[in-house]
Peer 1: 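Handing you a structure now.
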Amino acid sequence: MYEVHDPRFEECALGDDRLETLYDGCRWAEGPLYVPAGRYLLWSDIPNDRLLRWDETTGAVGEFRAPAGFANGNTLDRRGRLVSCEQGDRRVTRTEHDGTVTVLADRHEGRRLNGPNDAAVRSDGSVWFSDPDFGLLSDYEGHRGESETGGLHVYRIDPATGAVRRVADGFAGPNGLVFSPDEHRLYVSDSRANHVRVFDVTADGDALRGDGEVFARCPEGRFDNIRFDDRGRLWAAALDGGAQCFADDGTYLGRVRTPEPVANLAFGGARRNRIFLTATTSLYSLVSSVTGPRPRFA
């Protein structure tokens, strides 16, 4: 199951020697998010237009929301509220603690977004998200349509004003994004270019500098979402390439092979050492020797 390409990956391969199947009734699973306050995992089943919920204490699975705007990526803000990228409804939303839904962004300069894919929340409360055209290509994972923005970009939502600002462009298919542990850099995967770019964040935290350099190229498969562990290693879901791990210098360390193409991954569990993998029809987990970063809440 583990494939070591660099000796530094050996310490990552000391956990379970098999994947545990938690659910296998999806059409295309993405967007896993562990919610520590409730000890449950949310994830998206995009073609079925629903969010699902797996309870860690009972193992029960049920619908969290349907319809769900063909939601893709999910994250938590600094107050523990769910932030979802609804690529079908072409918007980013926040679910309040009382269950109501607030639209954070659906337009830029008066034009509808393409279909947000993944989001990351910075410690200042700003929400950063990718906006490819995947949901516009057909009615399978969204609604067939035309782009109004004229490109595929990354945006920032200002926490005070709600203003949506374009912060990065030049992508073929922007997908997963994550901040470095110190929030000085933003990493963005590009599924069509099949690499991860890294950008420096400005000192005031509201923009990016430069065009971004290539941090890593996918050795096998195709990059989707990306996440850091607590040792600064970058993990990437790579579809047919499994779950891949890269050192902080971009060196490919190794991978976890998966029985189905894996679209997204997330860390969770009571000790943050459980890796959740959304892979085509299934939700898998792996209790690992790797630990995810500690969640940051206000």
Side-chain angles (χ1 to χ4, degrees), residues 28 30-31 44 46-47 49 67-75 77 83-94 101-122 125-179 186-202 205-214 222-226 263-264:
W28 183 255
E30 296 216 32
S44 303
I46 304 177
D49 194 14
F70 291 91
N72 194 322
N74 301 285
T75 191
D77 73 3
V83 174
S84 297
C85 293
E86 300 180 7
Q87 68 180 30
D89 287 347
R90 300 168 73 163
R91 64 186 192 174
V92 179
T93 64
R94 182 180 66 217
V101 175
T102 300
V103 177
L104 299 180
D106 60 1
R107 296 176 182 271
H108 175 250
E109 296 181 343
R111 301 178 179 91
R112 293 187 71 192
L113 299 171
N114 298 320
N117 183 282
D118 196 17
V121 179
R122 205 165 178 269
S126 58
V127 179
W128 304 57
F129 66 93
S130 58
D131 189 42
D133 60 356
F134 306 147
L136 297 178
L137 301 179
S138 74
D139 293 319
Y140 187 69
E141 291 189 354
H143 303 291
R144 187 189 304 274
E146 299 295 327
S147 173
E148 297 181 14
T149 62
L152 313 176
H153 311 301
V154 170
Y155 297 92
R156 176 187 184 269
I157 305 172
D158 187 273
T161 67
V164 179
R165 176 182 179 184
R166 190 173 76 194
V167 292
D169 52 22
F171 299 98
N175 200 317
L177 70 169
V178 66
F179 285 101
L186 179 71
Y187 293 73
V188 184
S189 68
D190 189 323
S191 293
R192 291 183 178 131
N194 216 10
H195 59 217
V196 173
R197 288 163 65 189
V198 57
F199 300 82
D200 290 325
V201 181
T202 57
D206 66 358
L208 302 175
R209 288 196 297 269
D211 296 327
E213 63 184 31
V214 173
R222 190 168 77 250
F223 280 145
D224 203 302
N225 95 313
I226 49 179
N264 283 186

Peer 1: Determine whether Leu152 and Arg192 satisfy the following criterion, side chain to side chain contact (heavy atoms under 4.5 Å, CB included), listing intermediate values before the conclusion.
Peer 2: CA-CA 11 Å; Leu152 313 176; Arg192 291 183 178 131; 3.6 Å; yes
Peer 1: Any sub-3.5 Å donor-acceptor pair from Gln87's side-chain atoms to Glu141's backbone N or O?
Peer 2: yes
Peer 1: Minimum heavy-atom separation for Leu177 to Ser130, with atom names?
Peer 2: CD2-N, 4.0 Å
Peer 1: Looking at Gly115, is its backbone amide N or carbonyl O close enough to the side chain of Asp131 to form a donor-acceptor pair, meaning the two atoms are under 3.5 Å apart?
Peer 2: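 Checking the backbone N and O of Gly115 against the side chain of Asp131, a donor-acceptor pair under 3.5 Å is found.
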Peer 1: Step through the shown structure and confirm whether more than 12 heavy atoms of other residues, nucleotides or ligands are within 6.0 Å of CZ on Arg111.
Peer 2: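 No.
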Peer 1: Do Leu136 and Arg90 have side chains that get closer than 4.5 Å, going by heavy atoms?
Peer 2: yes
Peer 1: Write down the atom of Gly176, the atom of Asn117, and the distance for their closest heavy-atom approach.
Peer 2: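 Closest approach of Gly176 to Asn117: N-OD1, 4.5 Å.
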Peer 1: Kindly determine whether Tyr140 and Trp28 satisfy ring-ring contact (aromatic ring centres under 6.0 Å, His included), including the steps that lead there.
Peer 2: CA-CA 10 Å; Tyr140 187 69; Trp28 183 255; 8.6 Å; no
Peer 1: Does the side chain of Phe223 reach to within under 4.5 Å of the side chain of Val196, using non-hydrogen atoms?
Peer 2: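 A side-chain contact exists here, since the closest heavy-atom pair is under 4.5 Å.
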Peer 1: Can you give me the closest heavy-atom contact between Asn114 and Glu148, atom names plus distance?
Peer 2: OD1-N, 4.2 Å
Peer 1: Please state whether the rings of Phe179 and Trp128 are parallel, tilted or perpendicular, taking 30° and 60° as the class boundaries.
Peer 2: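 Perpendicular, since the angle between the ring planes exceeds 60°.
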Peer 1: Under 3.5 Å, is there a donor-acceptor pair between the Ser147 and Asp133 side chains?
Peer 2: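 No - no donor-acceptor pair under 3.5 Å links their side chains.
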Peer 1: Looking only at atom types and distance, does a side-chain atom of Asp190 sit under 3.5 Å from a main-chain N or O of His195, one as donor and one as acceptor?
Peer 2: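 It does not hold such a pair.
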Peer 1: Would you compute the distance between atom CZ of Phe70 and atom CD of Glu86 and round it to the nearest 0.5 angstrom?
Peer 2: 11.0 Å
Peer 1: How far apart are the closest heavy atoms of Val154 and Pro174, and which atoms are they?
Peer 2: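 Scanning both residues, the minimum pair turns out to be CG2-CB, 4.5 Å.
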Peer 1: Answer with yes or no whether the side chains of Asp206 and Ser126 bring together a donor and an acceptor at under 3.5 Å.
Peer 2: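 No pair is found: no donor N or O on one side chain lies under 3.5 Å from an acceptor on the other.
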Peer 1: Got Leu113 and Phe129 here, is their nearest side-chain heavy-atom distance under 4.5 Å?
Peer 2: yes
Peer 1: To the nearest 0.5 Å, tell me how far Phe199 CZ sits from Glu213 CD.
Peer 2: 10.0 Å
Peer 1: To check you understand the geometry: which heavy-atom pair defines the closest contact between Leu186 and Leu208, and what is its length?
Peer 2: CD2-CD1, 3.9 Å
Peer 1: Can you measure from CG (Leu104) to CD1 (Ile157) and round to the nearest 0.5 angstrom?
Peer 2: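 One finds 5.0 Å between CG of Leu104 and CD1 of Ile157.
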Peer 1: Within a strict 4.5 Å, meaning less than it, do heavy atoms of the Arg166 and Thr149 side chains meet?
Peer 2: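 Not in contact.
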Peer 1: Tell me whether Ser189 contacts the main-chain N or O of Ser191 through its side chain, where contact means a donor paired with an acceptor under 3.5 Å.
Peer 2: no
Peer 1: Please report the shortest heavy-atom distance between Ser84 and Asn74, naming the atom on each side.
Peer 2: OG-OD1, 2.7 Å
Peer 1: Determine, for Arg222 against Asp224, whether the closest basic-nitrogen to carboxylate-oxygen distance falls under 4.0 angstrom.
Peer 2: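 Answer for the salt bridge query: no.
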Peer 1: Tell me if a side-chain donor or acceptor on Asp106 pairs with a main-chain N or O of Arg112 at a distance below 3.5 Å.
Peer 2: no
